[in-house]
Amino acid sequence: DLAGVFRPNHPLSTRPGPRLVVDLYGATPGLVVEIDGYTFHRGPSAFQRDRDRDFCLLASGLRVLRLTHDQIMRSVDEAVVKIRAVIDAGPMEARGREG
């Protein structure tokens with residue numbers, strides 16, 4: 001049921017900074033899914049770069065879910081369950097006002 005919700009390798013302009021290309025972007029749920037592989041995301045500089053990206057996306061009002069490439073390859077169904085859980089939780093601003 002998530003078919004058509006996300007656009008792969010989608011460019012986004014962020015409010016606090018650079019234009020980023022994200023792995024999966026869902027405008028309606030306001031969610032970015034980043035898929036991290038160990039080969040490209042290991043080491044201190046890659047770790048910091050991912051945190052900087054998360055900041056820019058969060059400051060732009062988007063939620064960020066990071067999944068590993070291995071998680072997805074091991075079980076696509078489990079990855080979809082995680083994505084669905086974040087979507088079902090609703091927008092960040094709605095959660096902040098309810099409590």
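We're numbering straight along the sequence, starting at 1. All values derive from a computational prediction rather than experimental measurement.
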Fill in: Partner of V86 by side chain to side chain contact (heavy atoms under 4.5 Å, CB included), out of V33, L31, V64
L31

Fill in: Sequence neighbours excluded, every pair satisfying side chain to side chain donor-acceptor pair (under 3.5 Å) that has a member inside residues 51-61
E34-R53, Q48-D52, D54-R66

Worksheet item: Quick one: CG on D36 to OG1 on T68, what's the gap to the nearest 0.5 Å?
Response: 8.0 Å

Item to complete: If a pair satisfies ring-ring contact (aromatic ring centres under 6.0 Å, His included) and one of its residues is in residues 9-28, list it, with sequence neighbours excluded.
Response: H10-Y25

Fill in: For the student: nearest non-hydrogen atoms of G26 and F6, plus distance
N-CD2, 3.3 Å

Practice prompt. List the steps and the verdict of side chain to side chain contact (heavy atoms under 4.5 Å, CB included) for L24 and V32.
Written response: CA-CA 6 Å; L24 296 171; V32 169; over 6 Å; no

Discussion item. For V76, give me all partners under side-chain contact (heavy atoms from CB on, under 4.5 Å), at least two apart in sequence or on another chain.
Written reply: I72, V80

Please tabulate, for the side chains in residues 14-21, all donor-acceptor contacts under 3.5 angstrom to protein atoms that are two or more places apart in sequence or on a different chain.
unit_1 : atom_1 : unit_2 : atom_2 : d
T14    : OG1    : P18    : O      : 2.7
R19    : NH1    : S13    : OG     : 3.0

Worksheet item: With hydrophobic residues grouped by side-chain heavy-atom distances under 4.5 Å, do I35 and L2 end up in a single group?
Response: yes

Practice prompt. Apply side chain to side chain donor-acceptor pair (under 3.5 Å) to D70 and list each qualifying residue two or more places apart in sequence or on a separate chain.
Written response: none

Worksheet item: Between CG of L62 and CG of L12, what distance do you get to the nearest 0.5 Å?
Response: 6.5 Å

Response to the item:
So the salt bridge (Lys or Arg N to Asp or Glu O under 4.0 Å) pairs with at least one residue in residues 79-91 (sequence neighbours excluded) are D1-R84, E78-K82, R84-D88

Practice prompt. Under the side chain to side chain contact (heavy atoms under 4.5 Å, CB included) rule, what do D23 and L67 come out as? Steps first, then yes or no, please.
Written response: CA-CA 11 Å; D23 294 327; L67 300 172; over 6 Å; no

Worksheet item: How long is the gap from CG on D50 to OG on S45, to the nearest 0.5 Å?
Response: 9.5 Å

Worksheet entry | Sidechain-backbone polar pair: R49 side chain, P44 backbone, donor-acceptor under 3.5 Å | no

